[in-house]
Structure formats: structure tokens, C-alpha cells
K.L.:
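Below you will find the structure I want to go over with you.
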Amino acid sequence: MVSSCQLSEENDSVNVTRRSIKVFVCSLVCNTYRCIKMQCLGRVMGFNFLSVILLLVHVLCGYVDGKREIPVGAIFHQVPDHSYESEIAFRYAIERVNMHEKHFELVPIVRYVSPDDSYKTERKVCELAAEGVTAVFGPSSILTSGIVGSICKTLEIPHIITHWDPEPFGGLDPDLQAMTINLYPEADVLSRALADLIVDYSWKSFTIIYDSDEGLMRLKDILQIHGPSDSPITVRQIDDNPDYRPLLKDIQTSGESHIILEIRPDRILELLRQAKEVKMLEEYQSYIITSLDAHTIDFEELRYSRSNITALRLMDTKSFDIKNAVHDWEQGEARMKRQFRVSPEHVHTESALYNDAVKIYATAIRELDATEEITPSKLSCGSKNLRQWPFGLRIINYMKVKTEHGITGPIIFDDFGRRAHFHLDIIELSKDEGFKKIATWDPTHGVNYTRSQGEVYSQIVESLQNKTFIVASRIGAPFLMFKEKKDGEFLEGNNRFEGYSLELIDGISKILGFQYRMELVPDGKYGSYNKVTKKWDGLVKHLLDRKADLAVCDLTITYERRTAVDFTMPFMTLGISILYAKPVQQPKDLFSFLSPLSLDVWIYTATAYLGVSVLLFVLSRMAPADWENPHPCKQDNDEVENIWDMLNALWLTMGSIMGQGCDILPKAISTRLVAGMWWFFALIMLSSYTANLAAFLTMERMDATIESAEDLAKQSKIKYGVLMGGSTMAFFQTSNFSTYQRMWASMESVRPSVFTKSNDEGRDRVIKGKRMYAFLMESTSLEYITERYCDLTQIGGLLDSKGYGIAMPVNSPYRTAISGAVLKMQEEGKLHQLKTRWWKEMRGGGQCTEVPNSAGENELGIGNVGGVFVVLALGCFCAFIIGILEFLWNVRKVAVEEKITPWDALKAEMKFALNISVTSKPVHNTLSESTASDKSSLRSKSESRRGSELTGRGNNVRTATSLNNLNKIGFVFDKH
């Protein structure tokens with residue numbers, strides 16, 4: 001391939017030769033045409049054919065004579081890059097324009113400069129101005145382009161550039177930018193496109209690798225979207241050292257998986273090669289290449305890497321315009337005997353921009369030339385009388401308002417001549433097609449994916465085929481347990497384990513078609529972040545170290561863990577609850593009805609009962625109102641009697657405290673006052689006893705002293721704790737609820753520590769604590785324990801709501817597929833079946849299932865009230881014994897009075913007692929007629945004797961009641 005300088009010299013000489021030959025041939029043809037027209041017109045021979053030839057020649061001569069030459073200049077760099085392709089694009093774009101234009105012909109004039117040679121650049125621009133160029137294209141360096149733009153601004157020659165050009169620190173100056181048009185995407189808008197892509201990918205942290213300060217400026221929007229509370233962004237610069245491995249190893253050690261490459265295209269492939277060597281091109285690493293020429297790199301050797309490589313592209317490589325342009329380039333070079341091959345997929349962005357720049361410039365010339373003929377002017381940079389090209393500003397202003405569509409999509413400029421609106425293709429490296437378009441971006445709509453979710457899912461599932469995942473877990477029933485070995489059995493691999501987690505991942509693997517290998521995390525922890533060491537432990541650390549692809553167990557999805565790893569949708573929902581021991585069932589007490597009152601109270605009550613009875617007896621003997629006439633009809637009765645003996649006093653107090661009352665009542669003020677106070681005392685005692693009796697009889701059901709977390713927080717007697725380093729501990733640590741804050745402060749301050757290393761330890765501590773320790777844990781594990789330990793129970797409801805998920809490294813491409821498999825198992829009811837199997841059936845499950853009491857939960861058994869029956873039986877038995885004794889005493893009395901044998905008296909009394917049809921009984925039984933008169937006389941004598949005694953007692957009483965006859969009272973007592 002020839003150099004750019006040789007290409008320019010050959011093209012310039014060819015253009016001169018072409019123009020000379022064209023003028024000579026056309027003159028010859030035109031003269032011949034005039035001769036034939038004057039002399040040969042009208043001849044019959046070949047008249048029709050000759051007329052056609054003459055018409056064509058006439059048109060040709062008219063075409064050549066009316067086409068004006070409009071020179072355009074271009075400056076390219078003398079560097080071994082793709083400038084050769086850009087120059088070809090520039091020249092053949094002009095050639096295609098000239099093929100369709102009738103009134104003017106663009107003549108390219110090309111000059112070459114070094115990217116750093118500003119002096120030579122200035123001279124070349126002045127040379128082009130002296131040759132009368134109507135526009136200057138390029139160069140592609142910011143330094144040299146600024147010089148060219150300044151000169152063009154002075155001479156008012158349109159300056160068209162196609163490279164990244166940042167906004168000056170002082171802001172844009174409309175005067176300095178007045179004659180410059182830039183087809184490269186505007187710097188701020190392109191930076192915003194990269195920022196939108198980062199946001200769409202949900203990258204919370206990433207590392208930027210750049211090689212120049214200009215590259216870091218291109219990413220300013222990415223740096224601005226990162227807030228102070230977000231994860232830190234790492235920025236690493238590479239130098240000219242071609243060994244990037246130490247840098248890549250540092251990034252790998254940091255655990256970063258998101259990398260942005262802002263480096264020259266010629267460095268990209270080598271950096272990715274070395275990344276592959278240090279295992280930084282694995283499936284969890286993602287790269288975004290900011291260069292718009294990433295699609296021109298041959299990634300054939302990296303197509304089968306498992307990492308995600310994304311890039312941006314300004315053109316649609318499958319469009320007809322770019323294919324047509326490439327065809328022009330190849331055919332034109334072939335005519336010049338030069339070999340040039342390029343596929344539309346590998347066309348550089350700058351080449352496409354030169355093609356579009358020529359197209360939009362030619363359109364402006366055509367549109368303006370239709371109203372006023374545009375003529376070039378030869379201008380001088382050093383002239384004292386500086387002249388400006390009068391058409392330059394008009395052309396620039398027209399291009400700013402003109403909307404065009406080229407190889408690089410829609411071309412729209414703002415007032416400063418910057419390309420503020422454009423479309424980008426978001427492309428991704430695939431195994432089959434190389435870079436494949438997955439989305440588009442534009443300033444109005446942002447990221448818009450062109451592939452459906454079904455295509456993405458199918459692609460991921462296809463990549464899962466025959467892949468072996470390393471699945472990390474921890475031992476914890478029922479999620480993962482060691483399988484019980486049979487005699488002589490040797491277990492290895494996944495066969496060593498059993499449990500819910502194993503069957504869950506096995507079901508997912510059958511749906512997606514991958515293999516897996518279970519491994520235990522060394523420290524047996526779930527994963528918590530140490531703010532001192534700033535490191536994770538447990539399963540999360542295992543994933544961050546890329547030692548596992550998945551983590552499956554009772555791992556709770558929390559915000560803190562979500563910042564470090566990704567989770568699938570929850571396969572189980574749960575919350576925090578309280579594990580507590582059931583009330584200890586007390587032995588049945590027949591005399592539990594005595595429990596409402598203490599022994600002291602019973603003794604004091606019995607003492608009060610006897611004391612009040614005695615006091616009532618004494619006062620009734622002293623109070624006159626309680627002495628009554630036994631025969632109220634006889635107003636002049638000489639005797640009064642007092643019914644308040646000791647038995648009646650005891651009966652009154654007994655009836656009152658039993659709530660039954662009595663058939664006799666006191667009449668004196670003193671005795672009534674005593675009775676009233678006793679009734680008040682009996683009312684209070686009876687009500688208190690009745691109120692407390694139900695509570696003591698149902699003491700077993702009311703023994704639970706806590707009902708919720710609030711009850712735990714309000715007391716200090718019962719200790720409570722959580723699992724060390726688990727999500728439950730994190731819940732109390734970070735909670736803003738006052739109750740949970742108090743609970744956390746209490747747990748932290750208690751010694752010995754209330755925290756446990758495992759759920760099993762917490763369970764054992766609850767059992768041994770004898771209702772003095774409660775363990776806060778996740779409801780699923782709590783449910784598993786209460787299904788197997790019948791003396792433990794759940795207290796209260798759930799304190800929160802969360803879920804278990806399958807964890808994986810951040811940005812894992814398999815999250816969507818695995819979540820879909822979990823959802824499918826949930827819809828088919830397999831997750832419910834797994835839980836039922838491992839919670840209620842396997843390993844002793846279901847033995848603590850409580851049968852509901854159909855008769856009601858508040859019924860009292862015979863063991864609770866049996867003592868009342870005992871007291872009733874004893875009372876009845878005592879009454880029966882006393883009744884027999886009374887019966888026998890009466891028999892003896894009758895035998896004595898009737899002067900008969902006790903046996904006869906017993907038979908007579910027994911006869912009347914057993915004859916239930918007899919309801920009346922004579923005062924004395926007539927045992928025989930022979931003794932009737934004797935019995936009558938005896939009764940008369942006894943009645944006479946009792947009457948005299950009563951008369952004596954009555955006289956005595958009447959005498960005692962007379963306060964004026966004290967001597968008679970003494971006489972009576974002396975007489976008796």
C-alpha cells in the first residue's frame with residue numbers, strides 16, 4: 001500500500017492530466033461537430049445514426065463548458081494510522097459528488113502535517129488559502145485543528161473537522177467558533193451517552209482505565225453521576241509500558257468487576273489479551289469500551305471469552321450507504337492499480353465522518369449556488385489588506401440549519417456548529433457474530449434495546465448448557481445437612497449432602513440444563529461487612545473472591561448484601577420472630593381452689609370467723625333487744641328467751657361468708673353492727689376469692705409472661721439474643737424504631753453475651769434457660785425447630801418481612817435465567833412441596849402437630865376442681881357420721897325415757913326412719929299398750945317438772961330485768 005504523500009502526488013497529477021485531456025478531446029469533438037453540421041447535414045447515408053452521435057456530442061460539450069471548478073482543501077496527519085482510509089473516503093466522496101453535479105466540480109487539494117507541528121500547519125493552511133480553497137477539512141489533532149480554525153475564522157473559510165473537541169474551560173466563544181463545523185459527536189452529549197449506559201447497567205462501582213488527560217475529560221459526566229454516598233470509583237492511568245498485568249491484578253484483588261476502557265484503539269486488544277491471562281475476562285467481568293472505533297478491532301481470539309464486552313458505534317455497518325461507500329473506495333483504488341480492502345463492519349468513524357462532511361458541504365454549495373453563483377477566491381494570510389471570502393459565512397450558517405442523513409446517521413448541528421443530536425449503536429461482543437447490536441441511544445430517548453427479553457433469556461440459557469457451577473453453602477438444618485451414612489457406605493461430591501437447598505438447586509439445574517458442585521464455605525458464616533477491616537466474610541466473601549458462582553442457603557436478602565452481590569427473586573418469604581419455651585405443665589392439685597388465698601389469709605379468715613361468732617354470742621347475751629317473748633300472742637308472758645346460742649352465732653357467720661344468708665337475724669344495734677361488718681368482710685373476701693379462682697385454675701395457659709417484642713423490651717428479667725453476624729442482628733443494629741433500638745442496646749450490654757454462633761446454639765440455650773431466655777430468629781428456622789421440639793413455641797408475630805434468595809456475583813449474566821427458574825418452580829408448587837417435605841416430614845418433622853380442642857381451650861379438668869368434690873364428699877361423710885351419732889343418742893334417750901331396752905328403741909326409731917311413706921311421727925313411740933298409762937304419767941310428771949323449771953327461769957329473768965329489785969335478784973341467786 002502506498003503512503004499518503006505518494007497518494008496525494010499521484011492524485012494531483014492525475015487530476016491535471018485528466019483536465020488537460022478532457023479539454024483537448026472536447027475541443028476536437030466540438031470542432032468536428034461544427035464541420036459535420038455545416039457540410040454533411042442532409043446526407044442520406046447514416047443520417048439517423050449520425051444525428052444521435054451529434055446530439056450526444058452537443059450535450060457533452062455543453063456539460064464540459066458549463067462546469068466550474070471549486071477547490072476544497074484537506075489536511076491529514078503524517079502518522080501510521082487510519083489517515084490513509086480517511087483520505088480515501090474524502091477523495092471518493094468528492095468523486096461521487098462530482099458524478100451527480102452538473103454545474104460545479106469539487107477539486108480536492110490535500111496537504112500533510114505532523115500532529116505536533118503547529119508552524120508547518122499554519123503554512124499549509126495559508127497555501128491552501130492562496131490556491132483558493134472554499135473549505136478546509138481537518139486535521140484530526142486538537143492542537144493543529146485550533147490553528148487551522150483560527151486562520152479560517154480570519155479568512156472566513158469554512159472549517160470542517162471530524163474529531164473529538166472539548167468545550168474550552170472558559171466556555172464557548174461564538175466568534176471563535178463561527179466558521180467551524182464539527183461532525184464528531186459533541187463532547188458533553190457523548191459523555192452523557194456513556195453515563196446513561198452506566199446507569200442502565202446499574203453499575204454502582206467501577207474502575208476507569210485511561211491513557212491521556214483528554215480521555216478522562218471525555219468521562220466527566222460519568223464521574224458526576226457518582227454521589228458521595230455511593231461506592232468509590234477507581235481511576236487508573238496507564239503509561240507507555242506495554243505490560244498491563246500488574247494493573248489488572250490490582251483491580252482483580254480489589255474485587256472490581258466493572259471496567260471502563262478509555263484508551264487508544266491500538267491498545268485495547270493487547271490490554272484485553274493480558275486481562276485474559278490474569279483471568280480478568282471471566283463471566284462476571286464487564287468492560288465498556290468508550291472508543292467509537294472499537295468495532296474496527298479484530299476480537300476473533302476473544303470472542304469466546306465469558307466476560308461481557310460492550311462498545312459504542314456511530315454508524316450502522318449494515319446500511320446501504322456504508323456498503324455503497326466502501327464499494328466506491330475499493331473500485332476507485334482498483335482503477336488506480338492500488339489494492340485496498342475494508343469491510344463495512346471495520347470502517348473507521350473518522351472515514352465515515354469525512355464522507356458525510358463532503359456530502360453535507362456539497363449540499364450546501366448546491367443549494368446556495370442555485371441562488372447565487374459561488375466563485376472561489378485566492379486569499380493571502382500575510383496581506384496587509386486582508387480579504388475574506390464572501391461566501392464562507394453563508395455556507396457555514398446554511399450547514400448549521402441543514403439536517404442531513406449520512407453514513408453516521410442524522411446530522412444536526414447547534415448554533416455553535418457542534419453535532420448535538422446523533423444516534424449511537426450499543427454493540428456487544430458475541431461468540432457467533434462478533435459485535436452485535438443490542439440497543440441504540442439518542443439524546444431524546446436514551447438507551448432503547450433492540451433485542452427482546454426472550455432473545456436475551458434464550459441466549460443466557462444456551463450459554464448455561466453443560467456449564468458447571470460451584471455452589472457455596474453452609475450446614476444448617478433443614479437447608480443443608482450431611483447425609484446419614486449407612487454401614488460401609490462411602491459418600492462423595494454432592495451425595496454427601498441433603499436438604500432443601502440441595503433439592504432447590506437441583507430443580508433449577510434440571511430446568512436450565514447446567515451441572516453443579518456443592519462446596520461449604522470455610523467459616524460457616526452467612527456474610528456480614530466489617531466496618532473496621534472493610535471486608536466481608538462468609539458466603540458473600542466467597543462470591544466476591546470468585547470462588548463460587550452461586551450461594552444457596554437461608555441467606556437473607558438485605559440492602560447491605562445487595563450492594564456487594566446480586567440476588568435472584570426470593571424463593572421463600574419470612575420474618576423475624578421469637579423462639580421461647582412453652583410453660584412448664586404443673587402437676588394437678590386437687591386443692592387448687594385454695595390457691596387464690598395464701599395460708600396466712602386462710603388462718604386469719606378462720607380466726608376472724610370464730611372471733612366474730614364469739615363476739616356475736618356475747619353481745620347477744622348482753623343486748624336486751626335480743627331477748628324475746630317465746631309466745632308473742634301472750635303479751636303478759638312472764639318469760640323471755642334468747643335464741644343466740646353459740647351454734648346459731650356460728651351458723652349466721654358461716655351462712656354470710658358462704659353467700660347464703662341465715663334464717664335468724666340479730667335485733668340489737670350492737671349485734672347488727674357486728675353482723676354488718678362481717679357481711680362487708682365476707683363480701684370483699686368472697687369477691688376476691690371468686691375473681692382469683694379462675695386465674696389460678698387456668699394458671700398453665702396464662703403462664704407465658706411475654707407475648708411480643710414490646711414485652712421483651714419492657715422487662716429485664718428474661719434475657720434475649722440473636723445470631724452473631726446474621727441478618728437478624730443487622731436488623732436490630734440498623735433499625736430506627738425505638739423499641740428495637742432499646743432491645744439492641746440491651747443485647748449489647750448484657751454479660752455474659754446473649755449472642756450465639758448458630759441457630760442450634762440459640763435453640764439449646766432457650767431449652768436450658770427454663771423460660772429465662774428468648775431467641776430472636778427467622779421464622780422459617782423457628783418453624784423447623786418447633787416442629788421437632790415440642791417444648792418450644794413461637795411468641796408473637798413477625799417483626800419484619802424479607803426473603804431468602806440465591807446470591808451470585810454482581811453483574812452475573814445468569815441472574816435473570818435463575819430467577820425465571822425459581823418463578824417456574826413456585827408456579828408449579830414445587831417450592832411448597834419442598835418446604836412441606838423438609839419441614840414437616842423429613843428428619844422428625846410433624847411430631848409436634850397440635851390437635852385443636854373441639855370442646856374449647858378454657859375447660860377445666862377434674863384435676864383442677866377435684867378438691868371441691870373431695871371437700872363435698874368429706875362434708876357429706878361427716879354429716880352422715882354426725883347424723884348416725886345423733887340417731888343413736890336419740891335412741892338412748894328414748895330408751896331411758898320410755899324405760900325400754902335400747903334394742904327396742906333402736907328398732908322403733910329405725911322403723912320410722914326407713915318407712916319413707918310416713919311423714920309424721922309422734923313425740924314418743926307407743927311401744928306397748930300395757931305401758932301406755934305409765935308412759936302417760938311419766939310424760940305428765942316430766943312436763944310438770946319442765947314447766948316448773950321454766951316458770952322459775954322466767955321469774956328469774958323477769959326479776960333480773962327489773963333494775964329496781966337488785967335485792968330480789970340476789971335472793972333468787974341465793975335461793976338457787
Side-chain angles (χ1 to χ4, degrees), residues 594 597-690 871 874-875 878-879 881-883 885-886 889-890 893 945-976:
L594 297 176
L597 301 178
S598 65
L599 179 61
D600 294 341
V601 175
W602 284 115
I603 293 175
Y604 294 150
T605 303
T607 303
Y609 166 71
L610 294 176
V612 170
S613 299
V614 171
L615 179 62
L616 182 64
F617 171 73
V618 173
L619 291 177
S620 65
R621 302 291 296 177
M622 297 174 60
D626 284 323
W627 292 90
E628 299 176 331
N629 184 0
H631 303 287
C633 296
K634 297 180 180 181
Q635 295 296 329
D636 56 349
N637 196 350
D638 296 336
E639 294 182 353
V640 293
E641 63 179 5
N642 193 322
I643 62 174
W644 292 104
D645 55 6
M646 195 62 194
L647 291 178
N648 285 340
L650 291 175
W651 180 248
L652 173 65
T653 53
M654 177 63 69
S656 301
I657 201 167
M658 291 295 180
Q660 299 301 317
C662 182
D663 55 345
I664 55 175
L665 296 174
K667 295 183 178 180
I669 297 176
S670 59
T671 53
R672 284 184 176 183
L673 181 61
V674 171
M677 291 298 100
W678 175 251
W679 290 341
F680 173 78
F681 173 81
L683 174 66
I684 300 301
M685 293 301 297
L686 183 60
S687 300
S688 301
Y689 176 83
T690 304
V871 172
L874 290 177
C878 293
I881 297 299
I882 293 174
L885 294 177
E886 287 179 339
W889 180 261
N890 182 59
K893 183 178 179 181
R945 186 169 54 250
R946 284 198 301 271
S948 62
E949 291 177 356
L950 289 173
T951 302
R953 286 199 300 270
N955 293 331
N956 292 339
V957 170
R958 285 194 298 269
T959 304
T961 56
S962 177
L963 298 177
N964 296 324
N965 298 323
L966 295 177
N967 293 330
K968 293 181 179 181
I969 295 174
F971 173 77
V972 173
F973 283 108
D974 291 340
K975 185 179 179 179
H976 283 282

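Starting from 1, each residue takes its place in the sequence as its number.
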K.L.:
Can you run down the salt bridge (charged side-chain N to carboxylate O under 4.0 Å, His left out) pairs that involve residues 658-668, sequence neighbours left out, and say none if there aren't any?
P.N.:
E628-K667
K.L.:
My understanding is that only residues two or more places apart in sequence, or in another chain, count here; which of them pass side chain to side chain contact (heavy atoms under 4.5 Å, CB included) with I881?
P.N.:
F877, L885
K.L.:
Counting only N and O atoms by type, is there a donor-acceptor contact under 3.5 Å from the side chain of W627 to the main-chain atoms of M622?
P.N.:
no
K.L.:
For I684, check side chain to side chain contact (heavy atoms under 4.5 Å, CB included) against everything at least two apart and list the hits.
P.N.:
F680, S688
K.L.:
Kindly write out the residues that satisfy side-chain hydrogen bond (donor to acceptor under 3.5 Å, both in side chains) with N642, not counting sequence neighbours, or none if the list is empty.
P.N.:
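Partners of N642 by the side-chain hydrogen bond (donor to acceptor under 3.5 Å, both in side chains) criterion come out as none, since no residue qualifies.
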K.L.:
Quick test of your reading: applying side-chain hydrogen bond (donor to acceptor under 3.5 Å, both in side chains), list the pairs with at least one residue in residues 599-619, sequence neighbours left out, ordered by first then second residue.
P.N.:
S613-T653
K.L.:
Can you pull out every salt bridge (charged side-chain N to carboxylate O under 4.0 Å, His left out) where at least one residue sits in residues 604-616? Sequence neighbours excluded, please.
P.N.:
none
K.L.:
Could you pull out all residues at least two apart from F681 that satisfy ring-ring contact (aromatic ring centres under 6.0 Å, His included)?
P.N.:
W678
K.L.:
For E641, check salt bridge (charged side-chain N to carboxylate O under 4.0 Å, His left out) against everything at least two apart and list the hits.
P.N.:
none
K.L.:
Show me the pairs that pass salt bridge (charged side-chain N to carboxylate O under 4.0 Å, His left out) and involve residues 673-689, at least two apart or across chains.
P.N.:
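Not a single pair qualifies under salt bridge (charged side-chain N to carboxylate O under 4.0 Å, His left out).
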K.L.:
Check side chain to side chain contact (heavy atoms under 4.5 Å, CB included) between A682 and all other residues, then give those that pass, not counting sequence neighbours.
P.N.:
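Listed in chain order: I657.
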K.L.:
Looking at residues at least two apart in the chain, or sitting in another chain, which of them share a side-chain hydrogen bond (donor to acceptor under 3.5 Å, both in side chains) with K893?
P.N.:
none
K.L.:
Holding to ring-ring contact (aromatic ring centres under 6.0 Å, His included), I want the full list of residues that pass it with W644, two or more places apart in sequence or in another chain.
P.N.:
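Counting only residues at least two positions away or on another chain, W644 forms no ring-ring contact (aromatic ring centres under 6.0 Å, His included).
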